[in-house]
2 protein chains.
Amino acid sequence: MGKGSLTKIHVVETALNEAVSSGLGGLSFGTLANATGLSKSGLFAHFSSKEDLQKAVVEKAIALFIANVVAPARRQKAGRDQLTALYSNHLDWIAGKRGLPGCPFVIFVQEFDDHNGDVRNALIMSQKLWRRALASAASVAQQNQQINRQAHPGQIAFELVGAALAFQVSHNLLRDRNTRDQALVAFNQIIN
Amino acid sequence: MGKGSLTKIHVVETALNEAVSSGLGGLSFGTLANATGLSKSGLFAHFSSKEDLQKAVVEKAIALFIANVVAPARRQKAGRDQLTALYSNHLDWIAGKRGLPGCPFVIFVQEFDDHNGDVRNALIMSQKLWRRALASAASVAQQNQQINRQAHPGQIAFELVGAALAFQVSHNLLRDRNTRDQALVAFNQIIN
DNA sequence: GCAGAAACCGACCGATCGTGCGATTACTAA
DNA sequence: TTAGTAATCGCACGATCGGTCGGTTTCTGC
């Protein structure tokens, strides 16, 4: 692994941090060159096009999400504990306490949900993967009688995703500092 | 009211339809000029700057939301019927069946939630107004014993907002055509 | 230490960005 | 009909956009 790989990693991380607030469409080689100290043309040694850059940024975001949200929860016992950890880690991720200053997926999804291609496909995969993780933890919790709710695990995952999205709006737009309580009440409502 | 006002209305509507998919940052006077038949400089007779245009677009979106989602529900009896209508109309709005090809607010919020100014303030006001409408309908439904859930009305509003957001992701990104059922199951879970 | 590859840069391209200005057309009130 | 105003246009500006190309530096394997 040459030094170019390290540079590329650094560039992608910088771009991802920028994209959290400006979105993938807001990325530009010019500003990214300034932010990283590289020249604009130097960036093209690593990314053949803007879409290639966007793809790398999305993949990095997914990797960070798995490392900072999913993986730690997997260390909990399967079932309710794991479901709680997944949800709680997700709230931290949204609040900017895990690896990134905020959750980039919502804006990525909005930008690309009507624009077919690799970026959109990656977003679909990660969303399905996330819901499957929630659903499977919920399913085990049901079998162990750790939660009362008897709905389809996919339904529980759907509602947990929703509660986290509402939390994100409350947190980022309304800047409500007490909204984590609402998100936790919602969690109990969903599993009971 | 001269003919300029009509032109302005037409331009704002065109811009709003474009912004549903591209966001407010994706708007440009060039493409907007082509789409409306006006010249680029002619647009500046109506909007003094890009931010001015964005503000007009957001205000139009809010007006459309009120006219197509809130107002029809207000014709229902206060209480559970009204709450159901608000929620159901919201789902239709998200699915592009009411006045616009989709819901623009999520992408607007993501773009402007860390960028203070008139646009952000308008988005905050409309979000609070919407949650208040949900909460007050829920509160009446509680008093009339039409719903079992005894949580704070604000909590119920929070969860309904979340369910609608999950519905939007399922509908637009995953293109799940059966997700309305999930959204309705979530509704019952929230009010019971 | 030397050759070749990998990494990076400066300069440039056509297009488009947001915006200002002066002229021109279309309407309206007297 | 005419004067005045509202609406719109053509043109141009500096900046930035995504992207290309040829050259220079830096590293690596032999």
Side-chain angles (χ1 to χ4, degrees), chain A residues 1-60 107-108 111-112 115-120, chain B residues 1-60 107-108 111-112 115-120:
Chain A
M1 181 166 76
K3 94 173 227 207
S5 313
L6 293 175
T7 303
K8 181 164 183 173
I9 291 173
H10 174 237
V11 170
V12 171
E13 282 172 354
T14 305
L16 177 52
N17 271 275
E18 205 179 294
V20 170
S21 45
S22 71
L24 292 170
L27 287 175
S28 93
F29 285 100
T31 50
L32 194 55
N34 283 343
T36 56
L38 289 184
S39 69
K40 209 171 60 152
S41 53
L43 292 174
F44 278 88
H46 301 285
F47 312 98
S48 59
S49 70
K50 184 174 183 179
E51 203 192 348
D52 193 42
L53 168 67
Q54 293 173 328
K55 205 172 101 182
V57 167
V58 169
E59 280 163 4
K60 179 75 187 181
I107 190 167
F108 291 175
E111 284 180 289
F112 280 82
H115 183 308
N116 288 15
D118 288 345
V119 173
R120 189 182 122 84
Chain B
M1 182 165 77
K3 94 174 228 214
S5 312
L6 293 175
T7 303
K8 180 163 184 173
I9 290 173
H10 174 237
V11 170
V12 171
E13 282 172 353
T14 305
L16 176 52
N17 271 274
E18 205 180 294
V20 169
S21 44
S22 71
L24 292 170
L27 287 175
S28 93
F29 285 100
T31 50
L32 194 54
N34 284 343
T36 56
L38 289 182
S39 69
K40 211 168 58 149
S41 53
L43 292 173
F44 275 84
H46 302 285
F47 312 99
S48 58
S49 70
K50 184 175 183 178
E51 203 193 347
D52 193 42
L53 168 67
Q54 293 172 328
K55 204 172 99 182
V57 167
V58 170
E59 280 163 3
K60 180 74 187 181
I107 190 167
F108 291 176
E111 284 180 289
F112 279 82
H115 183 308
N116 287 16
D118 289 345
V119 173
R120 189 181 122 84

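Everything numeric here is computed off the predicted structure, so don't read it as measured data. Here is the naming used below: chain letters follow the sequence lines, and residue numbers restart at 1 for every chain.
As a whole-Å value, the separation of A/D52 CG from D/dG19 C1' is 13 Å. Rounded to whole Å, atom P of C/dC17 lies 14 Å from atom CD of B/Q54. Rounded to whole angstrom, the span from the NZ atom of A/K8 across to the C1' atom of C/dC8 amounts to 15 Å. Atom CG in A/L32 sits about 11 Å away from atom P in D/dC17, given to the nearest Å. When the C1' atom of C/dC17 is taken as reference, atom CG of B/L43 falls 14 Å away, rounded to whole Å. We find that CZ of B/F29 is positioned 6 Å from P of C/dT19, with the value rounded to whole Å. In this structure, the NZ atom of A/K40 is 7 Å from the P atom of D/dG18, given to the nearest Å. To the nearest angstrom, C1' of C/dT16 lies 11 Å from CG of B/N34.
Side chain of B/E111 to backbone of B/G25: a donor-acceptor contact under 3.5 angstrom is found.
At least one side-chain nitrogen or oxygen of B/T7 sits closer than 4.0 Å to the OP1 or OP2 atom of D/dT8. Residue A/S39 has no polar side-chain atom (N or O) positioned under 4.0 Å from OP1 or OP2 of C/dG10. Contact check, B/S28 against C/dC17: a side-chain N or O comes under 4.0 Å of OP1 or OP2. An OP1 or OP2 oxygen of D/dA6 is reached within less than 4.0 angstrom by no side-chain nitrogen or oxygen of B/H46.
Other residues, nucleotides and ligands contribute over 12 non-hydrogen atoms within 6.0 Å of the NZ atom of B/K50.
Residue-level contact check: A/L38 touches the backbone only, with heavy atoms under 4.0 Å from sugar-phosphate atoms and none from bases.
When the nearest nucleotides of DNA chain C are assigned to B/G30 and A/G37 by heavy-atom distance, the more 5′-ward of the two goes with A/G37. Map A/L27 and B/F44 each onto its nearest nucleotide of DNA chain D; the residue landing nearer the 5' end is B/F44.
With rounding to the nearest 0.5 angstrom, the CG atom of A/L16 is 12.0 Å from the CD atom of A/E59.
The closest side-chain heavy-atom distance from B/T14 to B/V11 is not below 4.5 Å.
When distances run from any side-chain atom of B/T31 to the nucleotides C/dC17, D/dG19, D/dC9, the shortest one goes to C/dC17.
Ring centroid separation for the pair A/F44 and A/F29 comes in under the 6.0 Å cut-off.
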